[in-house]
Amino acid sequence: MKLFDNRRDKVVTYQFTATPKVKSILDKSVEIAIMLVTYIGNDEYQVKDGFTNFVVKLKDSYCGYKYWQITGLSCKHASTCISYKRKVM
């Protein structure tokens, strides 16, 4: 019962909507990402990652990399677009 109480106390004080594990994955993907982001319009972006271009549609939770659709977690391209959107807008 003590373990349950400790976990409940941690959850009550937690400030983010994602779990700590998911948050750490997303933070790492944004830190590593050095990409060129271009806003296309209607919440769509083109991301240049090395020699490859990917289209990211934030409203549809879509990225040409397909990681987002498979796992349900945003890939490094989508995470980069989200942080770009927060900085610009």
Side-chain angles (χ1 to χ4, degrees):
M1 197 65 165
K2 183 129 176 116
L3 179 66
F4 179 75
D5 291 337
N6 290 339
R7 287 185 180 176
R8 185 187 64 228
D9 293 340
K10 285 182 183 179
V11 169
V12 169
T13 60
Y14 194 67
Q15 299 176 6
F16 301 99
T17 56
T19 63
K21 185 175 181 178
V22 171
K23 185 178 180 324
S24 70
I25 292 170
L26 294 176
D27 288 343
K28 285 178 188 175
S29 68
V30 172
E31 286 177 9
I32 296 170
I34 300 173
M35 299 174 217
L36 178 64
V37 179
T38 307
Y39 180 68
I40 298 172
N42 197 20
D43 234 6
E44 294 182 14
Y45 299 86
Q46 181 175 356
V47 180
K48 182 171 180 152
D49 183 10
F51 297 108
T52 313
N53 291 325
F54 296 100
V55 175
V56 176
K57 300 176 184 179
L58 294 179
K59 286 185 179 180
D60 299 332
S61 300
Y62 171 83
C63 177
Y65 190 61
K66 303 289 186 201
Y67 179 83
W68 200 358
Q69 292 88 323
I70 293 170
T71 63
L73 296 174
S74 60
C75 62
K76 60 183 179 179
H77 309 106
S79 299
T80 304
C81 291
I82 292 168
S83 30
Y84 174 81
K85 182 178 177 179
R86 286 183 181 166
K87 288 178 186 175
V88 174
M89 297 182 181

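- Looking at Gln69, its side chain does come within 3.5 Å of a backbone N or O of Cys63 through a donor-acceptor pair.
- Minimum interatomic distance between Ala78 and Val56 (heavy atoms only, all atoms of both residues): CA-CG1, 4.0 Å.
- The shortest side-chain heavy-atom distance between Thr38 and Lys48 does not fall under the 4.5 Å cut-off.
- Summarising the geometry of Lys57 relative to Trp68, their closest heavy-atom pair is O-CZ3, 4.3 Å, with the distance given to 0.1 Å.
- Tyr45 and Tyr39 make their closest contact through CE2-CD1, 3.3 Å (heavy atoms, listed as atom of the first residue, atom of the second, distance).
- Note: the hydrophobic cluster containing Tyr84 also contains Ile82 (ILVMFWY, side chain heavy atoms under 4.5 Å, direct or indirect links).
- Using bins of under 30°, 30° to 60° and over 60° for the plane-to-plane angle, the ring pair His77/Phe54 lands in the tilted bin.
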Could you go through Lys76 and Val47, starting from their C-alpha distance and side-chain angles, then the distance that decides it, and tell me whether this counts as side-chain contact (heavy atoms from CB on, under 4.5 Å)? CA-CA 10 Å; Lys76 60 183 179 179; Val47 180; over 6 Å; no
